[in-house]
Structure formats: C-alpha cells, structure tokens
Amino acid sequence: MNNETSVTAIHPDVERMLVSEEQLRQRNIELGAAISRDYADREVLIVGVLKGAAWFVSDLTRQLTCDFTVDYMAVSSYGAAHKSSGVVRILKDLEVPLEGRHVLIAEDILDTGLTLKYLIRNFLARGAASVEIAACVVKEGAQEEKIDVRYEGFVLPNEFVVGYGLDYAERYRGLPYIGVLSPRVYEDA
Ligand code: 5GP
C-alpha cells in the first residue's frame with residue numbers, strides 16, 4: 001500500500017488549483033460550527049441543490065451539532081455549456097413541506113445569483129419561516145442579483161471552476177479540490 005494522496009496529482013484539464021482539500025476540510029469545520037451555533041435552538045432543514053452541492057452537504061453536515069434534516073432539490077443549470085442561461089427549472093422537487101420550517105439552502109457556487117433568487121422566493125412562498133444561504137463558493141463580481149449569503153465558503157475570481165461537486169458536462173465532480181478548468185476544454189468542445 002502506498003501513502004501518496006490524490007491531492008499531489010492535479011488533473012491535466014485543471015489549469016490551477018484554487019482551494020485545496022485541506023482548505024475545504026478546515027472551512028467546513030468553521031461553517032459547521034457557525035451553523036450549529038445559529039440553529040442551536042431550532043431545527044434546520046438543509047436543502048442541497050443537486051447535483052453539485054451533494055459533496056458540500058455531505059461534508060458540512062458531518063460538522064453539525066444542531067438538529068437538522070436534509071432534503072435535495074434539482075434545478076436546471078448550465079447543461080453542457082459554461083455560461084448561465086438564466087432559466088431556472090425544477091427537475092426534482094423537495095419531499096417535505098416547508099410550512100414553518102427554518103431552511104438553509106446549501107449551494108455549490110453562487111454565480112449570477114439567478115438560481116438562489118428563484119429558490120428563496122419559491123421557499124418563502126411555500127411558507128418557510130426563514131431561508132438562509134450557505135454557499136461553498138461565491139464568484140467575485142459575478143452577481144446580477146443581490147443575494148445575502150450567510151455562510152460563505154470561499155470567494156473566488158470570476159472564472160469557470162470544477163471539482164468538489166462542480167462539473168463541466170458532468171465531469172470533474174469527484175476532484176477533491178476546486179480548480180480553474182483549462183479554457184481549451186470548452187473551447188475545443
Ligand atoms: P447562478 O444561478 O448563480 O448563475 O448559477 C448557479 C449554478 O451555476 C451553480 O449551482 C452551478 O451549477 C453553475 N455554475 C456557476 N458557475 C460555475 C462554475 O464556475 N463552475 C461550475 N462547474 N458550475 C458553475
């Protein structure tokens with residue numbers, strides 16, 4: 001058995017790494033502590049936005065000491081392209097009613113903000129008592145909608161990133177770090 005870890009090898013399609021596996025681990029501990037403090041006296045429903053946030057939700061919830069339940073929603077996003085269409089469509093809805101619930105939406109990345117703006121409105125319309133946002137990545141200067149992110153993982157430059165749940169045409173989600181996808185990958189597509 002060898003002791004080398006996967007982080008030593010950066011995928012050849014990744015131009016440069018922005019957030020390491022260790023930085024993700026550390027930040028999830030900090031975010032988990034903050035969420036546990038804030039929801040110490042009320043149960044929180046964590047809504048992960050599929051597919052990308054599944055990795056973030058999985059790690060984050062293992063750091064929580066407060067009472068929580070988890071549900072997932074799938075909305076349309078970029079498809080195989082790398083630019084936002086601005087169109088939000090529900091592909092898989094929640095399994096639980098939101099009436100009176102304290103909801104924390106967990107998103108992989110906040111880009112234009114169109115997805116979260118839609119979800120916040122939608123959840124409040126369904127009677128949620130509160131709706132807060134945890135975003136693993138916030139892209140600097142990319143927001144077209146003002147979104148108040150209560151739990152922010154990393155602020156990254158406005159470049160197309162992959163890894164830790166984030167894909168390009170369904171690939172690269174399993175990379176344990178977040179990195180900039182080499183533009184030649186989508187320029188050649
Ligand atoms: P928004 O609605 O904020 O523009 O976009 C949110 C969704 O777009 C994210 O959940 C993600 O699926 C996708 N997205 C936005 N920026 C990136 C990026 O840099 N990399 C990847 N892989 N997906 C992104």
Side-chain angles (χ1 to χ4, degrees), residues 10-21 23-24 27-28 31 46-61 70-94 103-125 131-189:
I10 299 296
H11 193 290
D13 293 346
V14 172
E15 199 174 69
R16 63 187 198 282
M17 186 171 77
L18 295 181
V19 187
S20 71
E21 195 171 3
Q23 286 172 312
L24 285 162
R27 193 71 185 121
N28 278 325
L31 293 178
I46 303 196
V47 174
V49 185
L50 292 172
K51 300 170 189 171
W55 285 255
F56 179 43
V57 169
S58 167
D59 287 343
L60 186 65
T61 52
V70 178
D71 202 350
Y72 286 98
M73 204 157 158
V75 293
S76 62
S77 93
Y78 289 8
H82 69 283
K83 286 261 155 57
S84 179
S85 67
V87 178
V88 179
R89 199 158 52 94
I90 296 178
L91 304 177
K92 180 216 168 292
D93 207 350
L94 299 171
V103 178
L104 176 60
I105 304 175
E107 242 301 30
D108 50 5
I109 191 163
L110 170 62
D111 185 16
T112 62
L114 290 164
T115 309
L116 282 174
K117 186 189 172 204
Y118 171 82
L119 289 178
I120 293 166
R121 271 207 194 150
N122 184 285
F123 290 0
L124 288 171
V131 180
E132 298 290 352
I133 308 295
C136 183
V137 172
V138 174
K139 274 198 192 177
E140 199 166 23
Q143 284 77 63
E144 291 168 21
E145 300 292 339
K146 173 147 178 30
I147 305 285
D148 189 9
V149 180
R150 179 116 185 207
Y151 309 99
E152 191 173 82
F154 299 89
V155 178
L156 298 183
N158 193 1
E159 293 176 278
F160 192 81
V161 291
V162 293
Y164 198 60
L166 290 158
D167 74 310
Y168 172 67
E170 294 302 325
R171 298 181 65 205
Y172 313 107
R173 291 193 198 275
L175 299 177
Y177 51 83
I178 296 172
V180 178
L181 184 66
S182 175
R184 72 169 160 73
V185 175
Y186 45 83
E187 278 162 7
D188 292 351

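One-based numbering, in listed order, for ligands and for the atoms of each.
At least one heavy atom of Gly113 lies less than 4.0 angstrom from ligand 1. Ligand 1 does not have Gln143 within reach: every non-hydrogen atom of the residue lies 4.0 Å or more from it. At least one heavy atom of Phe160 sits less than 4.0 Å from an atom of ligand 1. Using a non-hydrogen distance threshold of 4.0 Å, Lys117 does not register as a contact of ligand 1. In this structure, Ile109 has a heavy atom closer than 4.0 Å to ligand 1.
Among the candidates Val149, Val49, Thr115, the single residue satisfying the side-chain contact (heavy atoms from CB on, under 4.5 Å) test with Ile105 is Val49. With Cys136 as the partner, the side-chain contact (heavy atoms from CB on, under 4.5 Å) test is satisfied by one option alone out of Ile109, Leu24, Leu31, Leu166: Leu24.
Ligand 1 places these atoms under 4.0 Å from at least one heavy atom of Thr115: 1 (P), 2 (O), 5 (O), 6 (C). The contact set between ligand 1 and Asp167, taken as ligand atoms under 4.0 Å from a residue heavy atom, comprises 21 (C), 22 (N). Close contacts between ligand 1 and Glu159 involve ligand atoms 19 (O) [criterion: under 4.0 Å to a heavy atom].
Side chain of Gln143 to main chain of Asp111: a donor-acceptor pair is present (N/O by atom type, distance under 3.5 Å, no hydrogens or angles). Between the Arg27 side chain and the Gly153 main chain, a donor and an acceptor come within less than 3.5 Å of each other.
Within the set Val138, Leu110, Thr112, the minimum heavy-atom distance to atom 1 (P) of ligand 1 is found for Thr112. Counting only non-hydrogen atoms, the option in Lys139, Lys51, Glu107 that gets closest to atom 17 (C) of ligand 1 is Lys139.
Around the CD atom of Glu140, the shell of radius 6.0 Å holds no more than 12 heavy atoms that belong to other residues, nucleotides or ligands.
Residues Ile90 and Tyr118 form a side-chain contact, since some pair of their non-hydrogen atoms from C-beta on lies under 4.5 Å apart. Side-chain atoms of Asp13 and Tyr168, non-hydrogen and from C-beta on, never get closer than 4.5 Å to each other.
Where the criterion is an N or O separation shorter than 3.5 Å, residue side chain and backbone included, Asp108 meets it with respect to ligand 1. At least one N or O atom of Val161 sits closer than 3.5 Å to an N or O atom of ligand 1.
A side-chain donor-acceptor contact under 3.5 Å links Tyr164 and Asp59.
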Worked check of side chain to side chain contact (heavy atoms under 4.5 Å, CB included) between Asp167 and Lys51
CA-CA 9 Å; Asp167 74 310; Lys51 300 170 189 171; over 6 Å; no
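At a heavy-atom cutoff of 4.0 Å, ligand 1 is contacted by no atom of Leu116, backbone or side chain.
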